[in-house]
Trainee: 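I am attaching a structure below and will ask some questions about it afterwards.
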Amino acid sequence: TMADETDQLLPRERKTSSKSVQSDDIITYNGCAPCNPTHWSHRFIFLFLICFLSFGNYFVYDNPAALQDQFKADLDINTSQFMLTYSLYSWPNVILCFIGGFLMDKVLGLRWGAILFSALVCLGQCVTAVGAMIGSYPVVLAGRFIFGLGGENLAVAQNTYAVSWFKGRELNMVFGLQLSVSRIGSTVNMITMAPIYNSFNHGQEGYKVLGSALWVGAIICGLSLLTAVAAAYLDKRAARILKRGDAEVGEKIQVSDIFRFPFTFWLMCIVCVAYYVAIFPFIGLALTLYQQKFGLTQAKASAVNSLVYVISAVASPLFGFGVDMLGRNLTFCLISITLTLVAHGMLAFTFLNPYYAVVLMGIAYSMLASALWPMVSYIVPESQLGTAYGFMQAVQNLGLAVISMVAGMVVDDKGYLWLEVFFCACLCVALMTAVLLFMIDAANSGPLNLNAKQRQALEAAEEEAKILEQAPKEVVKAEVKHQSRFQLRNRFMSRLGLDLPPQLACKSRIRSRAPSVLK
């Protein structure tokens with residue numbers, strides 16, 4: 001049966017870390033099925049825990065966005081000061097993106113790391129709530145900074161748990177569920193925080209009402225902390241029963257690798273920053289825009305503001321599947337950036353119902369997330385991927401930290417029209433950079449915009465290169481200079497009918513004239 005087949009997945013194969021143990025022995029367990037680490041019902045319980053591990057994090061991240069007017073009025077702050085609550089979340093993650101995986105691998109371990117970072121999220125929200133209760137804006141900022149220390153690395157721990165317990169197509173499903181549950185947390189925050197605030201508003205001082213509402217977020221973070229403890233217990237228990245090693249993050253960060261990244265990687269970083277700064281800071285400020293320009297009530301404005309997350313929860317897995325089936329990652333990126341630019345233009349220069357623009361933005365955001373991030377693995381060697389993704393996330397957080405403050409100053413000095421113009425300018429930078437990336441990739445017959453069939457051929461070439469590199473020397477009867485992975489890739493590009501760049505074609509002709517052992 002399917003359940004019996006699923007039971008064998010966990011003990012038969014585990015490849016999550018260098019410390020893990022692989023065994024073909026079937027491990028028997030005499031207890032009840034839900035207590036058996038190899039049974040699907042037990043793994044379903046663990047899946048539930050890790051999905052809600054980051055629910056509290058995503059719920060409280062946009063607490064300020066859901067209560068924008070209340071934050072500014074109750075704490076007596078302007079928009080620039082309001083956006084500092086987002087910047088202080090991003091600043092620590094400029095550095096922690098590099099060292100968070102190392103801390104969980106070498107210092108804390110995955111289980112204690114997940115508990116610690118979940119505790120930091122909960123502590124940060126508690127400090128934020130206390131700061132609001134006493135009307136202290138600096139204490140609120142301190143709480144958001146502490147919250148930022150745990151937020152991003154908690155997601156790393158969540159993904160590592162997923163890779164440790166699930167594999168293959170299961171893993172794709174699990175990642176999709178994790179993303180959906182996280183976005184549900186963001187959506188629930190947008191929809192419920194204003195009613196929660198109003199339910200506490202019974203003659204108290206405004207800042208005390210704000211603090212009471214934020215304590216609800218702290219309680220939810222506390223529940224997420226309990227799931228971290230429960231997940232750690234079940235993971236340790238499974239490791240003992242199955243006699244396997246502890247899972248590791250497995251990220252190898254080497255700063256020296258940064259200087260060897262290709263130019264196209266740096267263009268991707270520019271696209272990433274220029275695009276995402278027009279999404280997340282916008283969501284943080286959009287509530288008042290919907291109320292002032294379009295005349296929506298706070299409840300309706302919160303519902304519209306949550307649509308980007310709602311659509312992302314549903315559309316991201318679908319677009320991920322579509323990109324896997326079709327390829328053409330760069331084309332999808334260009335389409336998504338253009339659609340987002342159109343959406344911001346609609347909000348800036350028309351009075352159409354903002355629902356249409358936000359729906360378009362949510363679709364485009366989901367499309368770009370599915371197409372942009374996988375492209376890094378196409379141009380960066382596997383041994384450098386940890387550094388590449390860590391650096392890209394660090395640059396993204398740096399951009400969000402800076403642009404969040406700039407966006408707040410634009411609203412204070414110029415208003416929301418100029419804010420939308422500013423976001424449109426950022427998207428124009430992203431679009432021009434993506435066009436440049438497209439042209440460079442096309443000129444060099446690069447891998448970024450291949451269709452699915454072409455990419456499969458390229459992957460076959462890379463597998464052939466690996467086999468040649470690993471082949472024992474004694475089986476080689478003649479001294480042959482193996483082709484590099486780069487040369488094999490170009491050969492397969494030629495087989496696919498793709499023209500090589502002139503300089504590479506010239507080199508190929510020169511090599512063909514030189515004597516060789518084998519043709």
Trainee: How far apart are the C-alpha atoms of His344 and Met361, what are their side-chain angles, what is the distance that settles it, and do they pass the side chain to side chain contact (heavy atoms under 4.5 Å, CB included) test?
Mentor: CA-CA 8 Å; His344 275 288; Met361 189 182 301; 3.7 Å; yes
Trainee: Rounded to the nearest 0.5 Å, what separates atom CG in Leu154 from atom CG in Leu53?
Mentor: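 CG of Leu53 is found 4.5 Å from CG of Leu154.
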Trainee: For the pair Tyr276 and Trp373, name the ring-plane relationship: parallel under 30°, tilted 30 to 60°, perpendicular over 60°.
Mentor: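 Tyr276 vs Trp373 ring planes: tilted.
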Trainee: Can you tell me how far the CG atom of Asn57 sits from the CD atom of Glu152, to the nearest 0.5 Å?
Mentor: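 These two atoms lie 7.5 Å from each other.
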Trainee: Spell out, as yes or no, whether a donor-acceptor pair under 3.5 Å connects the side chain of Thr433 to the backbone of Val429.
Mentor: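 It does hold such a pair.
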Trainee: First locate atom CE of Met392, then atom CZ of Phe261, and finally report the distance between them rounded to the nearest 0.5 Å.
Mentor: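 Here the rounded value is 11.0 Å.
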Trainee: With side chain to side chain contact (heavy atoms under 4.5 Å, CB included) as the criterion, how do Val127 and Phe147 come out once you've worked through the C-alpha distance, each side chain's angles and the decisive distance to 0.1 Å?
Mentor: CA-CA 9 Å; Val127 173; Phe147 170 54; over 6 Å; no
Trainee: Between Ala343 and Ala357, what is the shortest heavy-atom contact and its length?
Mentor: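 Nearest pair, atom of Ala343 first, then Ala357: CB-O, 3.3 Å.
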Trainee: Mind listing the closest non-hydrogen atom pair of Leu49 and Ala230 along with its distance?
Mentor: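 Distance-wise, the nearest heavy atoms are CD1-CB, 3.8 Å.
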Trainee: Taking atom types as modelled and ignoring hydrogens, do the side chains of Asp74 and Tyr197 form a donor-acceptor contact shorter than 3.5 angstrom?
Mentor: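 Side chains of Asp74 and Tyr197: pair found under 3.5 Å.
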Trainee: Under a 3.5 Å distance rule, please check whether Asn93 uses its side chain to pair with a backbone N or O of Asn397 as donor and acceptor.
Mentor: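 A pair under 3.5 Å: no.
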Trainee: Quick one: are Leu372 and Cys272 in side-chain contact, heavy atoms under 4.5 Å?
Mentor: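 A side-chain contact under 4.5 Å exists here.
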Trainee: On a heavy-atom basis, which atom in Ala407 and which in Leu285 lie closest, and how many Å separate them?
Mentor: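 Minimum heavy-atom contact is CB-CD1, 3.8 Å.
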Trainee: Please work out which of the three classes, parallel, tilted or perpendicular, describes the rings of Phe280 and Tyr365, given edges at 30° and 60°.
Mentor: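 Ring orientation, 0 to 90° scale: perpendicular.
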Trainee: Show the numbers, then the answer: is there a side chain to side chain contact (heavy atoms under 4.5 Å, CB included) between Asp69 and Gln291?
Mentor: CA-CA 10 Å; Asp69 293 338; Gln291 292 174 282; 2.9 Å; yes
Trainee: So, Ser54 and Ser182: side-chain donor and acceptor under 3.5 Å apart, yes or no?
Mentor: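 Result is yes, a qualifying pair exists.
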Trainee: Would you say Pro374 and Asn329 make side-chain contact, with heavy atoms under 4.5 Å?
Mentor: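 The answer is yes; the side chains approach within 4.5 Å.
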Trainee: Which residue, Leu267, Leu437, Thr331, Val376, forms the side-chain contact (heavy atoms from CB on, under 4.5 Å) with Leu448?
Mentor: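 Answer to the side-chain contact (heavy atoms from CB on, under 4.5 Å) test with Leu448 among Leu267, Leu437, Thr331, Val376: Leu437.
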Trainee: Taking CZ in Phe294 as the centre, count heavy atoms belonging to other residues, nucleotides or ligands within less than 6.0 Å. Is the count above 12?
Mentor: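 Yes.
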Trainee: Say you draw a straight line from CG of Leu84 to CZ of Phe145; how long is it, rounded to the nearest 0.5 Å?
Mentor: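 Answer rounded to 0.5 Å: 11.5 Å.
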Trainee: Looking at Ala313 and Ser180, what are the two nearest heavy atoms and their distance?
Mentor: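 Taking every non-hydrogen atom into account, O-OG, 3.0 Å.
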Trainee: How about Gln298 and Gln70: does a side-chain donor come under 3.5 Å of a side-chain acceptor?
Mentor: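 Their side chains do contain a donor-acceptor pair, which is all the 3.5 Å distance test asks for.
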Trainee: State, yes or no, whether a side-chain contact exists between Leu110 and Tyr161 at a heavy-atom distance under 4.5 Å.
Mentor: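 A side-chain contact under 4.5 Å exists here.
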Trainee: Quick one, Val421 and Phe349 - any side-chain contact, counting heavy atoms below 4.5 Å?
Mentor: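 Yes, their side chains come closer than 4.5 Å.
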Trainee: Look at the side chain of Ser118 and the backbone N and O of Ile115, then say whether any donor-acceptor pair between them is shorter than 3.5 Å.
Mentor: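 It does not hold such a pair.
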Trainee: Between Trp165 and Asp235, is there a side-chain donor-acceptor contact under 3.5 Å, judged purely by atom types and distance?
Mentor: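 Yes, a side-chain donor-acceptor pair sits under 3.5 Å.
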Trainee: Any idea how Tyr61 and Tyr86 line up, ring-wise: parallel (<30°), tilted (30 to 60°), or perpendicular (>60°)?
Mentor: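 If you compare the ring of Tyr61 with that of Tyr86, the planes turn out perpendicular.
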Trainee: Mark yes when over 12 heavy atoms from residues, nucleotides or ligands other than Tyr378 sit less than 6.0 Å from its OH; otherwise mark no.
Mentor: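 Buried by this count: over 12 neighbours within 6.0 Å.
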Trainee: Classify the ring geometry of Phe332 against Phe319: parallel below 30°, tilted from 30° to 60°, perpendicular beyond 60°.
Mentor: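 Perpendicular: the ring planes of Phe332 and Phe319 meet at over 60°.
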Trainee: Is Phe423 close to Val277 at the side-chain level, that is, under 4.5 Å between some pair of heavy atoms?
Mentor: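 A side-chain contact under 4.5 Å is absent here.
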Trainee: Spell out, as yes or no, whether a donor-acceptor pair under 3.5 Å connects the side chain of Asn444 to the backbone of Gly446.
Mentor: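 No; zero donor-acceptor contacts below 3.5 Å.
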Trainee: So, the side chain of Tyr137 versus the backbone of Gln81: is there a donor-acceptor pair under 3.5 Å, distance only?
Mentor: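 Yes, because the side chain of Tyr137 sits within donor-acceptor range (under 3.5 Å) of the backbone of Gln81.
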Trainee: Side chains of Asn189 and Tyr309: do they bring a donor and an acceptor to under 3.5 Å?
Mentor: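 No pair is found: no donor N or O on one side chain lies under 3.5 Å from an acceptor on the other.
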Trainee: Please indicate whether Lys208 has more than 12 foreign heavy atoms, meaning atoms of other residues, nucleotides or ligands, lying under 6.0 Å from its NZ.
Mentor: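 Result for NZ/Lys208: open.
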Trainee: Could you please spell out the steps behind the side chain to side chain contact (heavy atoms under 4.5 Å, CB included) verdict for Val411 and Met83?
Mentor: CA-CA 10 Å; Val411 172; Met83 289 304 292; over 6 Å; no
Trainee: Is it the case that atom CG in Asn78 sees more than 12 heavy atoms from other parts of the structure closer than 6.0 Å?
Mentor: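 Yes, enclosed.
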Trainee: May I ask you to decide if Leu88's main-chain N or O and Arg144's side chain share a donor-acceptor pair within less than 3.5 Å?
Mentor: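 The answer is no, because no donor-acceptor pair under 3.5 Å joins these two groups.
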Trainee: When rounded to the nearest 0.5 angstrom, what distance separates CD1 in Ile363 from CG in Leu339?
Mentor: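 Here the interatomic distance stands at 8.0 Å.
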Trainee: Return the CG to OG1 distance between Asn305 and Thr187, rounded to the nearest 0.5 Å.
Mentor: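 Between Asn305 CG and Thr187 OG1, I get 10.5 Å after rounding to 0.5 Å.
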Trainee: Hey, are the side chains of Leu210 and Phe71 touching, using non-hydrogen atoms and a 4.5 Å cut-off?
Mentor: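 Touching, per the 4.5 Å side-chain cut-off.
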Trainee: Is a donor on one side and an acceptor on the other found under 3.5 Å between the side chain of Asn63 and the backbone of Phe59?
Mentor: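 Confirmed, Asn63 side chain pairs with Phe59 backbone.
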Trainee: Of the non-hydrogen atoms in Ala65 and Gly284, which two are nearest, and what is the gap between them?
Mentor: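 Looking at all heavy atoms of both residues, the shortest contact is CB-CA, 3.7 Å.
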Trainee: Mind checking whether Phe422 and Val406 have side chains closer than 4.5 Å, heavy atoms only?
Mentor: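 Yes - at least one pair of side-chain heavy atoms lies under 4.5 Å apart.
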Trainee: Checking the side chain of Lys300 only, and the main-chain atoms of Tyr290 only, is there a donor and an acceptor separated by less than 3.5 Å?
Mentor: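 No.
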Trainee: For Leu417 and Ala348, which heavy atoms make the closest approach, and how far apart are they?
Mentor: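 Result for this residue pair: CD1-O, 3.5 Å.
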Trainee: Are more than 12 heavy atoms, taken from residues, nucleotides or ligands other than Trp266, located less than 6.0 Å from that residue's CH2 atom?
Mentor: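 More than 12 within 6.0 Å, yes.
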Trainee: Parallel, tilted or perpendicular: which one describes the rings of Phe48 and Phe52, with boundaries at 30° and 60°?
Mentor: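 Phe48 vs Phe52 ring planes: tilted.
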Trainee: Is any side-chain heavy atom of Pro354 closer than 4.5 Å to a side-chain heavy atom of Leu296?
Mentor: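 They are in contact (side-chain heavy atoms under 4.5 Å apart), so the answer is yes.
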